[in-house]
**Q** 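Right, I'll just put the structure down here and ask away after.
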Amino acid sequence: MLDIHLIRENADIVKAGAAKKHIEVDIDRLIKVDDERKLLRQELDAKRAEQNRRSSEIQRASGSEREKLIEAMQHLKAGMAEGEERLKKVMAEWQQLMLTVPNIPDMSVPDGDSDADNVEVKKWGEPTVFDFTPKDHVELMTALGMADFERGAKVAGFRGYFLKGDGVLLANAVWQLALKHFSAKQLVPLSVPSLVRRETFLGTGYLPQGEEDLYKTQDGEYLAGTAEVAAMGYYMDEVLDPQALPVQFLGFSPCFRREAGAHGKDVRGLIRVHEFFKWEQVVLCRAEHDESVRLHDWLNRNTEEFIELLNIPYHTVVNCGGDLGLGQVKKYDIELWVPGEKTYREISSASYFHDFQTRRLNIRYRDAEGNMRFPHSLNSTAIPTPRILVSIVENYQQADGTIKVPDALVPYVGKSVIGAAA
RNA sequence: GGAUGGUUGGCCGAGAGGUCUAAGGCAGUUGACUUGAAAUCAACCGUACCGCAAGGUACCGCAGGUUCGAAUCCUGCACCAUCCGCCA
(Lines give C-alpha, C1' and ligand atoms only; values in the text may rest on other atoms or scores of the structure.)
Protein backbone atom coordinates (compact mmCIF):
# COMPACT_ATOMS: atom_id res chain seq x y z
CA MET A 1 0.00 0.00 0.00
CA LEU A 2 1.13 3.50 -0.76
CA ASP A 3 0.45 6.59 1.31
CA ILE A 4 -2.69 8.30 -0.02
CA HIS A 5 -0.94 11.66 0.30
CA LEU A 6 1.87 10.41 -1.89
CA ILE A 7 -0.62 9.13 -4.46
CA ARG A 8 -2.48 12.43 -4.54
CA GLU A 9 0.64 14.55 -4.82
CA ASN A 10 2.37 12.32 -7.37
CA ALA A 11 -0.53 10.91 -9.33
CA ASP A 12 1.40 11.07 -12.61
CA ILE A 13 4.35 9.15 -11.22
CA VAL A 14 2.09 6.51 -9.71
CA LYS A 15 0.25 6.13 -13.01
CA ALA A 16 3.49 5.86 -14.96
CA GLY A 17 4.74 3.28 -12.49
CA ALA A 18 1.63 1.16 -12.91
CA ALA A 19 1.94 1.42 -16.68
CA LYS A 20 5.55 0.29 -16.49
CA LYS A 21 4.44 -2.75 -14.51
CA HIS A 22 1.56 -3.38 -16.91
CA ILE A 23 -0.84 -3.24 -13.99
CA GLU A 24 -4.22 -1.63 -14.47
CA VAL A 25 -5.37 0.73 -11.79
CA ASP A 26 -7.71 3.71 -11.88
CA ILE A 27 -5.85 6.43 -9.99
CA ASP A 28 -8.27 9.15 -11.08
CA ARG A 29 -11.12 7.14 -9.64
CA LEU A 30 -9.19 6.66 -6.41
CA ILE A 31 -8.59 10.39 -6.08
CA LYS A 32 -12.24 11.08 -6.75
CA VAL A 33 -13.27 8.55 -4.12
CA ASP A 34 -10.75 10.10 -1.75
CA ASP A 35 -12.33 13.52 -2.33
CA GLU A 36 -15.69 12.03 -1.43
CA ARG A 37 -14.16 10.40 1.60
CA LYS A 38 -12.79 13.69 2.85
CA LEU A 39 -16.02 15.54 2.27
CA LEU A 40 -18.18 12.92 3.98
CA ARG A 41 -15.71 12.73 6.83
CA GLN A 42 -15.91 16.45 7.39
CA GLU A 43 -19.70 16.48 7.32
CA LEU A 44 -19.92 13.55 9.65
CA ASP A 45 -17.28 14.88 12.00
CA ALA A 46 -19.22 18.14 12.30
CA LYS A 47 -22.40 16.24 13.11
CA ARG A 48 -20.64 14.13 15.66
CA ALA A 49 -19.20 17.25 17.27
CA GLU A 50 -22.75 18.56 17.49
CA GLN A 51 -23.90 15.27 18.98
CA ASN A 52 -21.16 15.29 21.57
CA ARG A 53 -21.99 18.84 22.53
CA ARG A 54 -25.69 18.14 22.95
CA SER A 55 -25.00 14.98 24.80
CA SER A 56 -23.28 16.88 27.57
CA GLU A 57 -26.15 19.36 27.64
CA ILE A 58 -28.55 16.49 28.27
CA GLN A 59 -26.34 15.32 31.06
CA ARG A 60 -26.65 18.66 32.82
CA ALA A 61 -30.35 19.24 32.09
CA SER A 62 -33.28 17.78 33.97
CA GLY A 63 -37.06 17.49 33.82
CA SER A 64 -38.97 18.58 30.73
CA GLU A 65 -35.98 20.44 29.31
CA ARG A 66 -34.10 17.18 29.29
CA GLU A 67 -36.97 15.41 27.51
CA LYS A 68 -36.95 18.10 24.83
CA LEU A 69 -33.23 17.83 24.29
CA ILE A 70 -33.42 14.07 23.98
CA GLU A 71 -36.16 14.36 21.41
CA ALA A 72 -34.08 16.83 19.38
CA MET A 73 -31.16 14.42 19.51
CA GLN A 74 -33.23 11.66 18.01
CA HIS A 75 -33.81 13.83 14.94
CA LEU A 76 -30.13 14.62 14.62
CA LYS A 77 -29.31 10.94 14.85
CA ALA A 78 -31.66 10.06 12.04
CA GLY A 79 -29.80 12.49 9.80
CA MET A 80 -26.47 10.93 10.64
CA ALA A 81 -27.39 7.37 9.75
CA GLU A 82 -27.50 8.16 6.05
CA GLY A 83 -24.13 9.87 6.09
CA GLU A 84 -22.59 6.93 7.89
CA GLU A 85 -24.03 4.53 5.36
CA ARG A 86 -22.58 6.55 2.47
CA LEU A 87 -19.19 6.81 4.14
CA LYS A 88 -19.12 3.07 4.68
CA LYS A 89 -19.70 2.49 0.96
CA VAL A 90 -17.06 5.03 -0.02
CA MET A 91 -14.54 3.53 2.39
CA ALA A 92 -15.13 0.05 1.02
CA GLU A 93 -14.29 1.23 -2.49
CA TRP A 94 -11.42 3.34 -1.19
CA GLN A 95 -9.82 0.37 0.54
CA GLN A 96 -10.35 -1.92 -2.40
CA LEU A 97 -8.68 0.62 -4.71
CA MET A 98 -5.84 1.31 -2.29
CA LEU A 99 -4.99 -2.38 -2.13
CA THR A 100 -4.62 -2.51 -5.89
CA VAL A 101 -2.30 0.47 -6.35
CA PRO A 102 1.12 -0.94 -7.23
CA ASN A 103 4.33 0.33 -5.74
CA ILE A 104 6.42 2.55 -8.01
CA PRO A 105 9.28 0.74 -9.76
CA ASP A 106 12.76 2.20 -9.49
CA MET A 107 14.14 4.37 -12.32
CA SER A 108 16.75 1.71 -13.05
CA VAL A 109 14.12 -0.95 -13.82
CA PRO A 110 14.10 -1.62 -17.58
CA ASP A 111 10.89 -1.47 -19.61
CA GLY A 112 9.42 -4.72 -20.83
CA ASP A 113 6.46 -7.08 -20.86
CA SER A 114 7.73 -10.31 -19.40
CA ASP A 115 10.76 -12.22 -18.17
CA ALA A 116 11.95 -12.29 -21.80
CA ASP A 117 12.78 -8.59 -21.39
CA ASN A 118 14.85 -8.93 -18.24
CA VAL A 119 18.36 -7.55 -18.62
CA GLU A 120 21.52 -9.43 -17.74
CA VAL A 121 23.66 -7.50 -15.27
CA LYS A 122 26.19 -10.15 -14.40
CA LYS A 123 27.49 -13.42 -15.75
CA TRP A 124 29.54 -15.90 -13.77
CA GLY A 125 31.19 -18.95 -15.32
CA GLU A 126 30.56 -20.33 -18.78
CA PRO A 127 27.87 -22.82 -19.82
CA THR A 128 29.15 -26.29 -18.99
CA VAL A 129 30.81 -28.08 -21.91
CA PHE A 130 30.46 -31.87 -22.24
CA ASP A 131 32.41 -34.28 -24.42
CA PHE A 132 29.35 -36.52 -24.47
CA THR A 133 25.65 -35.92 -24.93
CA PRO A 134 24.35 -34.69 -21.55
CA LYS A 135 21.13 -36.08 -20.13
CA ASP A 136 18.44 -34.09 -18.37
CA HIS A 137 17.81 -34.36 -14.64
CA VAL A 138 14.71 -36.53 -15.01
CA GLU A 139 16.65 -39.19 -16.83
CA LEU A 140 19.70 -38.90 -14.56
CA MET A 141 17.85 -38.93 -11.26
CA THR A 142 15.48 -41.68 -12.26
CA ALA A 143 18.34 -43.90 -13.39
CA LEU A 144 20.23 -43.28 -10.14
CA GLY A 145 17.20 -43.86 -7.92
CA MET A 146 17.33 -40.24 -6.72
CA ALA A 147 13.76 -39.42 -7.72
CA ASP A 148 10.59 -41.16 -8.87
CA PHE A 149 8.27 -39.10 -11.02
CA GLU A 150 5.87 -41.80 -12.19
CA ARG A 151 4.99 -42.80 -8.67
CA GLY A 152 4.99 -39.13 -7.73
CA ALA A 153 2.20 -38.53 -10.19
CA LYS A 154 0.40 -41.71 -9.12
CA VAL A 155 0.35 -40.61 -5.48
CA ALA A 156 0.23 -36.82 -5.63
CA GLY A 157 -1.12 -36.11 -9.10
CA PHE A 158 0.19 -33.68 -11.69
CA ARG A 159 3.67 -32.32 -10.78
CA GLY A 160 4.02 -34.88 -7.99
CA TYR A 161 7.44 -36.35 -7.24
CA PHE A 162 9.34 -38.42 -4.75
CA LEU A 163 12.93 -37.74 -3.83
CA LYS A 164 14.67 -40.93 -2.87
CA GLY A 165 18.02 -42.25 -1.69
CA ASP A 166 20.87 -39.99 -2.80
CA GLY A 167 18.31 -37.44 -4.00
CA VAL A 168 17.25 -36.94 -0.39
CA LEU A 169 20.87 -36.89 0.74
CA LEU A 170 21.70 -34.23 -1.82
CA ALA A 171 18.70 -32.07 -0.90
CA ASN A 172 19.62 -32.32 2.76
CA ALA A 173 23.20 -31.43 2.00
CA VAL A 174 22.04 -28.26 0.26
CA TRP A 175 19.91 -27.30 3.26
CA GLN A 176 22.77 -27.79 5.65
CA LEU A 177 25.30 -25.90 3.57
CA ALA A 178 22.72 -23.13 3.15
CA LEU A 179 22.11 -22.94 6.90
CA LYS A 180 25.83 -22.62 7.47
CA HIS A 181 26.50 -20.11 4.67
CA PHE A 182 23.57 -17.77 5.37
CA SER A 183 23.75 -17.94 9.18
CA ALA A 184 27.31 -16.72 8.89
CA LYS A 185 25.83 -13.55 7.31
CA GLN A 186 24.05 -12.82 10.61
CA LEU A 187 20.67 -13.92 9.33
CA VAL A 188 18.65 -15.49 12.15
CA PRO A 189 17.29 -18.94 11.23
CA LEU A 190 13.52 -19.08 11.56
CA SER A 191 11.36 -22.11 10.96
CA VAL A 192 8.03 -20.62 9.95
CA PRO A 193 4.42 -21.72 9.48
CA SER A 194 3.25 -22.42 5.95
CA LEU A 195 -0.40 -22.50 6.93
CA VAL A 196 -1.11 -18.82 7.29
CA ARG A 197 -4.08 -16.51 7.77
CA ARG A 198 -5.48 -14.33 5.04
CA GLU A 199 -4.43 -11.00 6.52
CA THR A 200 -0.78 -11.95 6.27
CA PHE A 201 -1.18 -12.52 2.53
CA LEU A 202 -2.92 -9.17 2.19
CA GLY A 203 -0.08 -7.61 4.13
CA THR A 204 2.66 -9.05 1.98
CA GLY A 205 0.82 -8.08 -1.21
CA TYR A 206 -0.08 -11.56 -2.52
CA LEU A 207 -3.75 -10.87 -2.01
CA PRO A 208 -6.28 -9.72 -3.04
CA GLN A 209 -5.14 -10.21 -6.64
CA GLY A 210 -3.38 -13.58 -6.33
CA GLU A 211 -6.23 -15.70 -4.99
CA GLU A 212 -6.07 -18.32 -7.72
CA ASP A 213 -2.39 -19.05 -7.14
CA LEU A 214 -2.96 -20.09 -3.54
CA TYR A 215 -4.19 -23.28 -1.93
CA LYS A 216 -6.81 -22.68 0.72
CA THR A 217 -8.06 -24.85 3.57
CA GLN A 218 -11.68 -25.46 4.53
CA ASP A 219 -10.99 -23.35 7.63
CA GLY A 220 -9.96 -20.33 5.58
CA GLU A 221 -6.19 -20.39 5.98
CA TYR A 222 -3.92 -20.41 2.96
CA LEU A 223 -0.82 -22.46 2.23
CA ALA A 224 2.11 -20.14 1.72
CA GLY A 225 4.25 -20.34 -1.38
CA THR A 226 7.19 -18.82 0.48
CA ALA A 227 8.46 -18.31 4.04
CA GLU A 228 8.37 -14.58 3.31
CA VAL A 229 4.67 -14.51 4.19
CA ALA A 230 5.02 -15.82 7.74
CA ALA A 231 8.37 -14.14 8.37
CA MET A 232 6.89 -10.76 7.42
CA GLY A 233 3.82 -11.50 9.55
CA TYR A 234 6.09 -12.11 12.53
CA TYR A 235 6.11 -8.43 13.54
CA MET A 236 2.65 -7.55 12.23
CA ASP A 237 0.92 -4.84 14.36
CA GLU A 238 4.06 -4.29 16.40
CA VAL A 239 6.27 -1.29 17.08
CA LEU A 240 9.90 -2.28 16.77
CA ASP A 241 12.86 -1.03 18.71
CA PRO A 242 14.93 0.91 16.15
CA GLN A 243 18.05 -0.60 17.74
CA ALA A 244 16.85 -3.99 16.49
CA LEU A 245 17.01 -2.87 12.84
CA PRO A 246 17.87 -4.29 10.47
CA VAL A 247 15.96 -7.45 11.33
CA GLN A 248 17.49 -10.27 9.28
CA PHE A 249 15.69 -13.61 9.07
CA LEU A 250 16.60 -16.81 7.32
CA GLY A 251 13.23 -18.50 7.03
CA PHE A 252 12.73 -22.13 6.21
CA SER A 253 9.45 -23.67 5.12
CA PRO A 254 7.65 -25.98 2.78
CA CYS A 255 6.20 -23.95 -0.10
CA PHE A 256 2.96 -24.61 -1.93
CA ARG A 257 2.08 -23.18 -5.31
CA ARG A 258 -0.92 -23.90 -7.48
CA GLU A 259 0.87 -22.69 -10.62
CA ALA A 260 -2.60 -21.85 -11.87
CA GLY A 261 -1.36 -19.80 -14.80
CA ALA A 262 1.33 -22.25 -15.89
CA HIS A 263 -0.54 -25.41 -16.82
CA GLY A 264 1.41 -26.22 -19.91
CA LYS A 265 4.82 -25.01 -18.70
CA ASP A 266 7.64 -27.16 -17.39
CA VAL A 267 5.48 -30.22 -17.02
CA ARG A 268 8.46 -32.51 -16.58
CA GLY A 269 10.81 -32.89 -13.66
CA LEU A 270 11.67 -30.68 -10.74
CA ILE A 271 11.66 -27.21 -12.27
CA ARG A 272 8.04 -26.40 -11.48
CA VAL A 273 6.33 -28.40 -8.72
CA HIS A 274 3.39 -27.79 -6.42
CA GLU A 275 5.33 -28.33 -3.21
CA PHE A 276 8.96 -27.74 -2.40
CA PHE A 277 11.21 -26.40 0.34
CA LYS A 278 12.99 -23.11 0.52
CA TRP A 279 15.35 -21.09 2.65
CA GLU A 280 14.35 -17.44 2.32
CA GLN A 281 16.08 -14.23 3.41
CA VAL A 282 13.75 -11.61 4.87
CA VAL A 283 14.87 -8.18 6.08
CA LEU A 284 13.31 -5.16 7.76
CA CYS A 285 15.40 -2.00 7.84
CA ARG A 286 15.26 1.73 8.52
CA ALA A 287 12.95 3.62 6.18
CA GLU A 288 15.72 4.94 3.94
CA HIS A 289 16.06 4.29 0.23
CA ASP A 290 19.86 3.97 0.39
CA GLU A 291 19.56 1.36 3.11
CA SER A 292 17.09 -0.62 0.99
CA VAL A 293 19.40 -0.49 -2.02
CA ARG A 294 22.42 -1.53 0.02
CA LEU A 295 20.62 -4.49 1.60
CA HIS A 296 19.07 -5.51 -1.71
CA ASP A 297 22.49 -5.88 -3.27
CA TRP A 298 23.72 -7.65 -0.17
CA LEU A 299 20.88 -10.21 -0.17
CA ASN A 300 21.36 -10.96 -3.83
CA ARG A 301 25.10 -11.25 -3.38
CA ASN A 302 24.62 -13.73 -0.51
CA THR A 303 22.80 -16.04 -2.89
CA GLU A 304 25.29 -15.51 -5.70
CA GLU A 305 28.03 -16.52 -3.29
CA PHE A 306 26.15 -19.68 -2.42
CA ILE A 307 25.84 -20.59 -6.09
CA GLU A 308 29.55 -19.90 -6.49
CA LEU A 309 30.19 -22.31 -3.61
CA LEU A 310 28.37 -24.92 -5.66
CA ASN A 311 30.33 -23.80 -8.70
CA ILE A 312 27.39 -23.66 -11.10
CA PRO A 313 27.40 -21.21 -14.04
CA TYR A 314 24.83 -18.45 -13.55
CA HIS A 315 23.83 -15.02 -14.58
CA THR A 316 21.93 -12.33 -12.75
CA VAL A 317 19.21 -10.30 -14.42
CA VAL A 318 17.39 -7.18 -13.39
CA ASN A 319 13.68 -7.77 -13.91
CA CYS A 320 11.78 -5.53 -16.27
CA GLY A 321 8.71 -3.57 -15.23
CA GLY A 322 6.26 -6.14 -16.57
CA ASP A 323 7.91 -8.88 -14.51
CA LEU A 324 7.52 -7.07 -11.18
CA GLY A 325 4.90 -7.86 -8.59
CA LEU A 326 2.48 -5.37 -7.07
CA GLY A 327 4.73 -4.27 -4.23
CA GLN A 328 8.19 -4.67 -5.67
CA VAL A 329 10.33 -1.62 -6.41
CA LYS A 330 13.11 -3.59 -8.04
CA LYS A 331 14.01 -7.23 -8.42
CA TYR A 332 17.02 -9.30 -9.39
CA ASP A 333 16.71 -12.89 -10.50
CA ILE A 334 19.61 -15.30 -10.40
CA GLU A 335 19.38 -17.92 -13.12
CA LEU A 336 21.44 -21.11 -13.28
CA TRP A 337 22.62 -22.90 -16.35
CA VAL A 338 20.51 -25.95 -17.17
CA PRO A 339 22.32 -28.07 -19.78
CA GLY A 340 19.24 -30.19 -20.55
CA GLU A 341 17.44 -27.06 -21.75
CA LYS A 342 20.54 -25.18 -22.89
CA THR A 343 19.34 -22.11 -21.06
CA TYR A 344 19.44 -20.29 -17.72
CA ARG A 345 16.60 -21.02 -15.30
CA GLU A 346 15.56 -18.93 -12.31
CA ILE A 347 16.72 -20.14 -8.92
CA SER A 348 16.38 -16.98 -6.88
CA SER A 349 14.55 -13.67 -6.68
CA ALA A 350 15.67 -10.70 -4.61
CA SER A 351 13.26 -7.78 -4.15
CA TYR A 352 12.81 -4.66 -2.13
CA PHE A 353 9.52 -2.99 -1.33
CA HIS A 354 10.21 0.25 0.53
CA ASP A 355 7.34 0.54 3.05
CA PHE A 356 4.70 -1.07 0.79
CA GLN A 357 4.45 -4.26 2.86
CA THR A 358 5.03 -2.81 6.31
CA ARG A 359 2.30 -0.24 5.73
CA ARG A 360 -0.14 -3.06 4.98
CA LEU A 361 1.14 -5.16 7.87
CA ASN A 362 1.22 -2.21 10.28
CA ILE A 363 4.81 -2.79 11.32
CA ARG A 364 6.37 0.38 12.70
CA TYR A 365 9.28 1.78 14.63
CA ARG A 366 9.95 5.08 16.31
CA ASP A 367 12.76 7.02 14.67
CA ALA A 368 15.32 9.29 16.35
CA GLU A 369 12.92 12.25 16.08
CA GLY A 370 10.24 10.29 17.91
CA ASN A 371 8.04 9.80 14.84
CA MET A 372 6.35 6.53 13.94
CA ARG A 373 7.79 5.15 10.71
CA PHE A 374 7.10 2.12 8.58
CA PRO A 375 10.39 0.25 8.10
CA HIS A 376 11.43 -0.93 4.66
CA SER A 377 11.21 -4.61 3.81
CA LEU A 378 13.17 -6.86 1.47
CA ASN A 379 13.35 -10.52 0.71
CA SER A 380 15.39 -12.86 -1.38
CA THR A 381 15.51 -16.54 -2.02
CA ALA A 382 18.41 -18.15 -0.23
CA ILE A 383 18.01 -21.50 -1.95
CA PRO A 384 15.09 -23.73 -2.98
CA THR A 385 15.03 -27.51 -3.18
CA PRO A 386 14.48 -29.55 -5.18
CA ARG A 387 14.83 -27.06 -8.05
CA ILE A 388 18.51 -26.52 -7.28
CA LEU A 389 19.07 -30.28 -7.77
CA VAL A 390 18.27 -29.84 -11.46
CA SER A 391 21.32 -27.67 -12.05
CA ILE A 392 23.54 -29.69 -9.76
CA VAL A 393 22.93 -33.07 -11.37
CA GLU A 394 22.85 -31.78 -14.94
CA ASN A 395 26.03 -29.70 -14.66
CA TYR A 396 27.90 -32.30 -12.63
CA GLN A 397 26.96 -35.37 -14.66
CA GLN A 398 29.72 -37.52 -16.06
CA ALA A 399 29.98 -39.66 -19.19
CA ASP A 400 29.21 -42.86 -17.27
CA GLY A 401 25.94 -41.50 -15.89
CA THR A 402 27.29 -40.84 -12.41
CA ILE A 403 27.19 -37.44 -10.77
CA LYS A 404 30.14 -35.74 -9.19
CA VAL A 405 29.17 -34.11 -5.89
CA PRO A 406 30.14 -30.41 -5.71
CA ASP A 407 33.13 -30.09 -3.37
CA ALA A 408 31.26 -27.90 -0.89
CA LEU A 409 28.54 -30.55 -0.51
CA VAL A 410 30.79 -33.58 -0.14
CA PRO A 411 31.00 -33.33 3.69
CA TYR A 412 27.20 -33.35 3.91
CA VAL A 413 26.52 -35.99 1.26
CA GLY A 414 29.26 -38.20 2.61
CA LYS A 415 30.70 -39.15 -0.77
CA SER A 416 32.18 -37.45 -3.78
CA VAL A 417 30.31 -39.28 -6.52
CA ILE A 418 26.68 -40.35 -6.74
CA GLY A 419 26.05 -43.59 -8.60
CA ALA A 420 29.58 -44.94 -8.50
CA ALA A 421 29.81 -48.70 -8.11
CA ALA A 422 30.46 -49.52 -4.45
C1' G B 1 -15.08 -30.88 20.51
C1' G B 2 -16.68 -28.95 25.78
C1' A B 3 -15.95 -25.36 29.97
C1' U B 4 -14.13 -21.00 32.23
C1' G B 5 -11.35 -16.49 32.31
C1' G B 6 -9.08 -12.85 29.27
C1' U B 7 -7.81 -9.00 24.97
C1' U B 8 -7.17 -1.18 27.31
C1' G B 9 -1.71 3.58 24.62
C1' G B 10 5.71 1.77 23.26
C1' C B 11 5.13 -1.71 27.91
C1' C B 12 2.37 -2.90 32.59
C1' G B 13 -2.27 -1.80 34.47
C1' A B 14 -7.07 0.80 36.69
C1' G B 15 -11.70 1.84 34.76
C1' A B 16 -18.08 -1.81 35.33
C1' G B 17 -23.37 3.52 31.05
C1' G B 18 -22.44 10.46 31.34
C1' U B 19 -16.68 15.05 35.86
C1' C B 20 -16.33 15.57 28.96
C1' U B 21 -8.91 15.60 27.61
C1' A B 22 -8.97 6.58 29.75
C1' A B 23 -6.34 6.82 36.75
C1' G B 24 -1.55 5.19 38.08
C1' G B 25 3.19 3.13 37.07
C1' C B 26 7.38 1.91 33.73
C1' A B 27 9.99 3.48 29.52
C1' G B 28 11.03 8.09 26.72
C1' U B 29 12.03 13.71 26.11
C1' U B 30 13.39 18.36 28.45
C1' G B 31 14.93 21.01 32.69
C1' A B 32 16.88 21.45 37.98
C1' C B 33 20.58 19.38 41.36
C1' U B 34 25.74 17.03 40.14
C1' U B 35 32.67 17.64 37.80
C1' G B 36 29.92 13.62 35.10
C1' A B 37 26.52 9.74 36.05
C1' A B 38 23.01 7.41 39.33
C1' A B 39 19.26 8.72 42.67
C1' U B 40 15.76 12.65 43.48
C1' C B 41 12.49 16.71 41.96
C1' A B 42 9.57 19.35 38.03
C1' A B 43 7.35 19.65 33.26
C1' C B 44 6.18 17.20 28.78
C1' C B 45 4.86 12.66 26.56
C1' G B 46 -0.62 7.75 22.29
C1' U B 47 -2.02 6.83 16.97
C1' A B 48 -4.67 8.16 12.66
C1' C B 49 -7.82 11.31 9.75
C1' C B 50 -9.85 16.36 8.41
C1' G B 51 -8.44 21.56 8.67
C1' C B 52 -4.08 27.36 6.57
C1' A B 53 -5.12 27.65 11.64
C1' A B 54 -8.05 27.65 15.91
C1' G B 55 -9.80 23.26 16.47
C1' G B 56 -12.68 18.86 15.36
C1' U B 57 -13.42 13.51 14.79
C1' A B 58 -12.26 8.47 15.45
C1' C B 59 -9.69 4.56 17.97
C1' C B 60 -9.97 0.44 24.65
C1' G B 61 -9.21 -7.32 19.92
C1' C B 62 -12.73 -7.08 15.23
C1' A B 63 -17.84 -6.42 13.38
C1' G B 64 -22.78 -5.35 14.47
C1' G B 65 -26.65 -3.82 18.09
C1' U B 66 -29.17 -1.25 22.42
C1' U B 67 -29.03 4.05 24.24
C1' C B 68 -29.90 11.06 23.94
C1' G B 69 -24.86 9.11 25.41
C1' A B 70 -20.84 2.77 25.29
C1' A B 71 -13.95 0.95 26.99
C1' U B 72 -18.29 -0.18 30.23
C1' C B 73 -24.64 -3.44 28.41
C1' C B 74 -26.21 -7.23 24.31
C1' U B 75 -24.99 -10.48 19.85
C1' G B 76 -21.51 -12.70 16.50
C1' C B 77 -16.44 -13.57 15.25
C1' A B 78 -11.02 -13.80 15.98
C1' C B 79 -7.10 -14.55 19.13
C1' C B 80 -4.69 -15.69 24.10
C1' A B 81 -4.67 -18.51 28.80
C1' U B 82 -6.24 -22.58 31.89
C1' C B 83 -8.92 -27.16 32.57
C1' C B 84 -11.50 -31.56 30.40
C1' G B 85 -11.87 -34.86 26.12
C1' C B 86 -9.28 -36.70 21.74
C1' C B 87 -4.52 -37.37 19.52
C1' A B 88 0.77 -37.43 16.61
Side-chain angles (χ1 to χ4, degrees), chain A residues 1-9 30-99 101 191-203 207 216-222 229-230 233-245 247 254 284 286-287 355 358-375:
Chain A
M1 190 142 52
L2 294 177
D3 187 348
I4 183 66
H5 299 108
L6 183 145
I7 297 172
R8 292 187 70 104
E9 283 158 31
L30 173 60
I31 290 174
K32 212 178 141 218
V33 170
D34 192 52
D35 287 338
E36 279 183 64
R37 180 194 127 244
K38 285 191 189 187
L39 195 68
L40 281 172
R41 252 258 96 79
Q42 283 173 38
E43 285 175 14
L44 210 55
D45 280 358
K47 282 180 181 158
R48 281 182 181 153
E50 170 82 6
Q51 187 186 37
N52 288 343
R53 206 168 54 242
R54 291 206 201 173
S55 189
S56 42
E57 279 174 25
I58 289 174
Q59 198 193 146
R60 288 191 300 268
S62 60
S64 64
E65 194 198 351
R66 186 186 171 98
E67 294 305 316
K68 260 166 65 185
L69 286 170
I70 288 177
E71 199 190 330
M73 267 288 261
Q74 279 161 343
H75 290 301
L76 179 72
K77 241 183 97 183
M80 284 174 69
E82 191 212 358
E84 272 167 11
E85 204 51 45
R86 274 201 295 158
L87 182 63
K88 202 194 275 181
K89 275 201 191 110
V90 167
M91 283 310 293
E93 185 178 359
W94 188 85
Q95 268 154 358
Q96 181 263 322
L97 283 167
M98 284 294 282
L99 283 176
V101 178
S191 179
V192 314
S194 293
L195 200 52
V196 181
R197 305 174 68 194
R198 181 180 173 84
E199 52 193 320
T200 324
F201 282 90
L202 281 170
L207 287 177
K216 191 176 181 180
T217 73
Q218 66 266 48
D219 296 320
E221 298 95 353
Y222 294 81
V229 180
Y234 191 81
Y235 285 122
M236 180 166 60
D237 293 323
E238 293 191 35
V239 176
L240 305 182
D241 177 357
Q243 301 295 316
L245 298 176
V247 169
L284 295 172
R286 276 180 287 121
D355 63 5
T358 53
R359 197 175 278 280
R360 289 177 168 225
L361 287 163
N362 192 31
I363 299 171
R364 296 174 296 171
Y365 72 98
R366 203 176 285 281
D367 68 14
E369 285 76 47
N371 299 311
M372 285 292 192
R373 301 290 302 273
F374 294 103

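Just so you know, these numbers come straight off a predicted model, no measurement behind them. Proteins come first, then strands; the chains are lettered A, B, ... in the order of their sequence lines, and each starts at number 1. Just so it is clear, the values below take in all heavy atoms, side chains as well, and ignore hydrogens, waters and symmetry mates.
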**Q** Judged by each residue's nearest nucleotide on RNA chain B, which is more toward the 5′ side, A:K38 or A:E199?
**A** A:K38

**Q** Check the distance between B:rC68's C1' and A:M73's CE and give it to me in whole angstrom.
**A**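 After rounding, the gap between these two atoms is 4 Å.
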
**Q** Reckon A:R54 touches a base, only the sugar-phosphate, or nothing at all at heavy-atom distances under 4.0 Å?
**A**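 Nothing, no nucleic acid heavy atom in range.
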
**Q** Grab the CG-P distance between A:L44 and B:rC49 for me, whole Å please.
**A**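 These atoms are roughly 18 Å apart.
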
**Q** Contact class for A:N52 vs. all strands (heavy atom < 4.0 Å): base, sugar-phosphate, or nothing?
**A**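 Sugar-phosphate contact only - A:N52 comes under 4.0 Å of backbone atoms but never of a base.
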
**Q** For nucleotides B:rU47 and B:rA22, find the distance between their P atoms and express it as a whole number of Å.
**A**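 The answer is 14 Å between these two P atoms.
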
**Q** In terms of side-chain geometry, is the basic nitrogen of A:D355 or A:R364 positioned less than 4.0 Å from the acidic oxygen of its partner?
**A** no

**Q** Without decimals, in angstroms, what is the distance between A:D367 CG and B:rG28 P?
**A**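 The answer, rounded to whole Å, is 17 Å.
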
**Q** Between B:rU67 atom C1' and A:R48 atom CZ, what is the distance in whole Å?
**A** 16 Å

**Q** How would you label the contact of A:K88 with the nucleic acid (heavy atoms, under 4.0 Å): base, sugar-phosphate, or nothing?
**A** sugar-phosphate

**Q** Please report the distance, rounded to the nearest Å, between CZ in A:F374 and C1' in B:rA48.
**A**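 Distance check: A:F374 CZ to B:rA48 C1' gives 9 Å.
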
**Q** Could you please name the partner base of B:rA48, counting Watson-Crick and G-U wobble pairs only when both distances are under 3.5 Å?
**A**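 Matched B:rA48 with B:rU57 under the 3.5 Å cut-off.
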
**Q** Roughly how many Å is it from CD in A:E221 to P in B:rA78, rounded to a whole number?
**A** 11 Å

**Q** Quick one: closest heavy-atom pair of A:Y222 and A:R198, and the distance?
**A** OH-NH1, 2.7 Å

**Q** Using atom C1' of each nucleotide, how far apart are B:rA38 and B:rC44 to the nearest Å?
**A** 22 Å

**Q** Tell me: CD of A:E238 to C1' of B:rG61, nearest whole Å?
**A**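 Checked: the CD to C1' distance equals 15 Å.
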
**Q** Separation of A:N362 atom CG from B:rC59 atom C1', in whole Å?
**A** 13 Å

**Q** Phosphate oxygens OP1/OP2 of B:rU47: is one of them under 4.0 Å from a side-chain N or O of A:R366?
**A**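 Yes, such a contact exists.
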
**Q** In whole angstrom, give me the gap between the C1' atoms of B:rC26 and B:rG46.
**A**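 After rounding to an integer number of Å, I get 15 Å for this pair.
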
**Q** So does A:H5 get a side-chain nitrogen or oxygen closer than 4.0 Å to the phosphate oxygens (OP1/OP2) of B:rC50?
**A** yes

**Q** Looking at A:Q42, I'd like to know whether one of its side-chain N or O atoms comes within less than 4.0 Å of OP1 or OP2 on B:rG56.
**A**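 No, no such contact exists.
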
**Q** Suppose we define a pair by two distances each less than 3.5 Å, Watson-Crick or G-U wobble; what does B:rA14 pair with here?
**A**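 The base-pairing partner of B:rA14, which may sit in any strand shown, does not exist here.
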
**Q** Below 4.0 angstrom from OP1 or OP2 of B:rG51, is there any side-chain N or O of A:R41?
**A**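 For A:R41, the contact criterion (side-chain N or O under 4.0 Å from OP1 or OP2 of B:rG51) is not met.
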
**Q** Determine, for A:R48 against A:E84, whether the closest basic-nitrogen to carboxylate-oxygen distance falls under 4.0 angstrom.
**A**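 The answer is yes: the pair qualifies as a salt bridge.
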
**Q** Name the nucleic acid region contacted by A:E71, choosing base, sugar-phosphate or nothing; use a 4.0 angstrom heavy-atom cut-off, strictly under.
**A** nothing

